[in-house]
Asker: 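Encoded as structure tokens, here's the structure I'll be asking about.
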Amino acid sequence: MVKTIDLNTLEKENGSYVDENLQESFKDMLYKTTINGVEGYIYILFEHKSYNDSLVSFQILKYIIKIWEEKIDKKQQKLPLIIPILIYNAEKEWKVETNLINLIENIDQLPKEMKRYIPNYEYEVYDFSPKAKTTIMGLTITKVVLETIKVAKIPSKKEFLEGLKKMFEYIVQLPEVKFNELFEICMMYLLNTKDDIDIGEIRQTAKEILSGRSEVIMSIAEKLRQEGKLEGKLEERKEFTIKLLSKKFGVNLTEELKEKIRNADEKTINYIGDNLLEITIEELKEILK
């Protein structure tokens, strides 16, 4: 994984590159950043299928090409670097090759001089299936997001707090300019997906890991709990959902969409909350029709 990435320049892009007929199985996010001193991108694809799909390498390549078509520097005639990451969260472990070249028929029998005609790339994969022993590596900001997703699905209080500790260990590495912003987003996600979070236990865990920053971030957590969760009533959850989506989409979350969220049923609000990090503005519009 590339290490010379400036986290201070990380910026989420709007839109999705997944084919319309595959959006039931895939969600994606694109981040613009600075890599080796020039503009580059991190592309994250969320895989929701219940089985391994060996064609994912080909699908990601198509999405990379779509991004290149949109982001190409026509003046310099250069393509930006794109780091592809797959996040897999289903029952079976991910056992698919991550190199595109392995999809080519009879690749093992091809002579070396012929392989140079084949385009190739490799994607990072994070497997959160129950039997997988995923070690979260790579960008610090990616580690925080992935650990948050993982922690949100842990039913055991002991294992939840252990996962929370890992999340804090990652987040404390971030520059201060990104620290509070990302922590607030992650806490929003956890508070909106878990009903049994104990703020006192989180404070204690934060003090162990975050030292001087713990009181600041716990005041954020308590504020979010008070403003967003309260008694967990549907109307309050709707307003909390609007706050989360406003943080994510900014001005793209129009007053019309906010009103549709306020009029949505509980099933819709639950779906939005469960898919908060992956959902796109286009999907949100479709859900709220």
Side-chain angles (χ1 to χ4, degrees), residues 1-49 52-88 94 96-105 107 110 114-127 137-143 145-146 149 178 248-252 275 277-286:
M1 177 65 76
V2 177
K3 295 181 179 179
T4 53
I5 299 175
D6 185 355
L7 294 178
N8 291 312
T9 65
L10 202 66
E11 181 180 332
K12 188 179 183 300
E13 300 276 293
N14 291 323
S16 172
Y17 298 88
V18 175
D19 297 335
E20 188 173 347
N21 63 320
L22 294 175
Q23 290 186 356
E24 287 288 325
S25 302
F26 294 100
K27 300 293 183 290
D28 62 345
M29 293 191 297
L30 181 67
Y31 289 91
K32 180 169 70 174
T33 188
T34 302
I35 304 173
N36 278 352
V38 297
E39 185 177 286
Y41 295 86
I42 300 167
Y43 180 68
I44 303 176
L45 184 68
F46 295 85
E47 160 71 276
H48 297 301
K49 290 181 181 177
N52 285 198
D53 187 345
S54 59
L55 289 177
V56 163
S57 290
F58 178 57
Q59 290 166 343
I60 293 178
L61 177 63
K62 290 196 295 182
Y63 306 148
I64 289 174
I65 291 173
K66 283 184 182 180
I67 298 169
W68 273 338
E69 288 175 338
E70 184 180 295
K71 308 296 184 182
I72 185 173
D73 186 336
K74 295 180 179 178
K75 184 176 180 181
Q76 299 292 331
Q77 295 190 333
K78 296 290 185 181
L79 298 172
L81 172 62
I82 299 172
I83 300 173
I85 300 172
L86 176 72
I87 299 176
Y88 174 73
W94 187 256
V96 173
E97 281 282 353
T98 57
N99 268 311
L100 176 68
I101 198 169
N102 291 311
L103 289 182
I104 304 299
E105 189 172 1
I107 186 65
L110 280 179
M114 294 191 70
K115 290 182 180 179
R116 66 191 181 97
Y117 298 111
I118 303 172
N120 191 33
Y121 83 96
E122 184 174 0
Y123 60 87
E124 292 282 332
V125 61
Y126 296 97
D127 182 355
M137 303 174 66
L139 302 172
T140 301
I141 200 162
T142 306
K143 294 178 185 178
V145 173
L146 297 183
I149 295 171
K178 287 290 181 184
K248 180 173 183 178
F249 296 125
V251 296
N252 289 317
N275 295 276
L277 292 183
E278 305 100 319
I279 201 168
T280 65
I281 192 69
E282 289 78 12
E283 182 183 13
L284 182 64
K285 291 177 182 177
E286 187 65 28

Asker: Calculate, to the nearest 0.5 Å, the distance between atoms CD and OG1 belonging to E11 and T34 respectively.
Answerer: 10.0 Å
Asker: A quick test of your reading: do over 12 heavy atoms of other residues, nucleotides or ligands sit less than 6.0 Å from NZ of K62?
Answerer: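 Buried by this count: over 12 neighbours within 6.0 Å.
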Asker: Which heavy-atom pair separates T33 from I35 by the least distance, and what is that distance?
Answerer: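 Scanning both residues, the minimum pair turns out to be CG2-CG1, 3.8 Å.
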Asker: Drop me the distance from Y121's OH to I64's CD1, to the nearest 0.5 angstrom.
Answerer: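 Between atom OH of Y121 and atom CD1 of I64 there are 5.0 Å.
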Asker: Taking all atoms of both residues into account, what is the closest heavy-atom pair of I281 and N252, and its distance?
Answerer: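 Taking I281 first and N252 second, the nearest heavy atoms are CD1-O, 3.6 Å.
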Asker: Where is the tightest heavy-atom contact between I44 and Y31, given as atom of each residue plus distance?
Answerer: CD1-CE1, 4.0 Å
Asker: Compare every heavy atom of E39 with every heavy atom of P80, then report the nearest pair and how far apart it is.
Answerer: CB-O, 3.9 Å
Asker: Please assess K115 against I107 for the test side chain to side chain contact (heavy atoms under 4.5 Å, CB included), listing each intermediate value before the final yes or no.
Answerer: CA-CA 8 Å; K115 290 182 180 179; I107 186 65; 4.1 Å; yes
Asker: At what distance, to the nearest 0.5 angstrom, does CD of Q59 lie from CG of L100?
Answerer: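 One finds 11.5 Å between CD of Q59 and CG of L100.
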Asker: Between CH2 of W68 and CG of L61, what distance do you get to the nearest 0.5 Å?
Answerer: 7.5 Å
Asker: Name the residue from T280, L45, I60, D28 that meets the side chain to side chain contact (heavy atoms under 4.5 Å, CB included) definition with Y17.
Answerer: D28
Asker: To the nearest 0.5 Å, what is the distance between CG on N99 and CG on N120?
Answerer: 5.0 Å
Asker: Drop me the distance from L79's CG to I72's CD1, to the nearest 0.5 angstrom.
Answerer: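 One finds 5.0 Å between CG of L79 and CD1 of I72.
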Asker: In sequence, state the C-alpha distance, the side-chain angles, and the governing distance for I118 and L110, and then conclude on side chain to side chain contact (heavy atoms under 4.5 Å, CB included).
Answerer: CA-CA 11 Å; I118 303 172; L110 280 179; 3.8 Å; yes
Asker: Less than 4.5 Å apart, any side-chain heavy atom of K66 and any of D19?
Answerer: yes
Asker: K71 vs I82, test: side chain to side chain contact (heavy atoms under 4.5 Å, CB included). Steps then yes/no.
Answerer: CA-CA 10 Å; K71 308 296 184 182; I82 299 172; over 6 Å; no
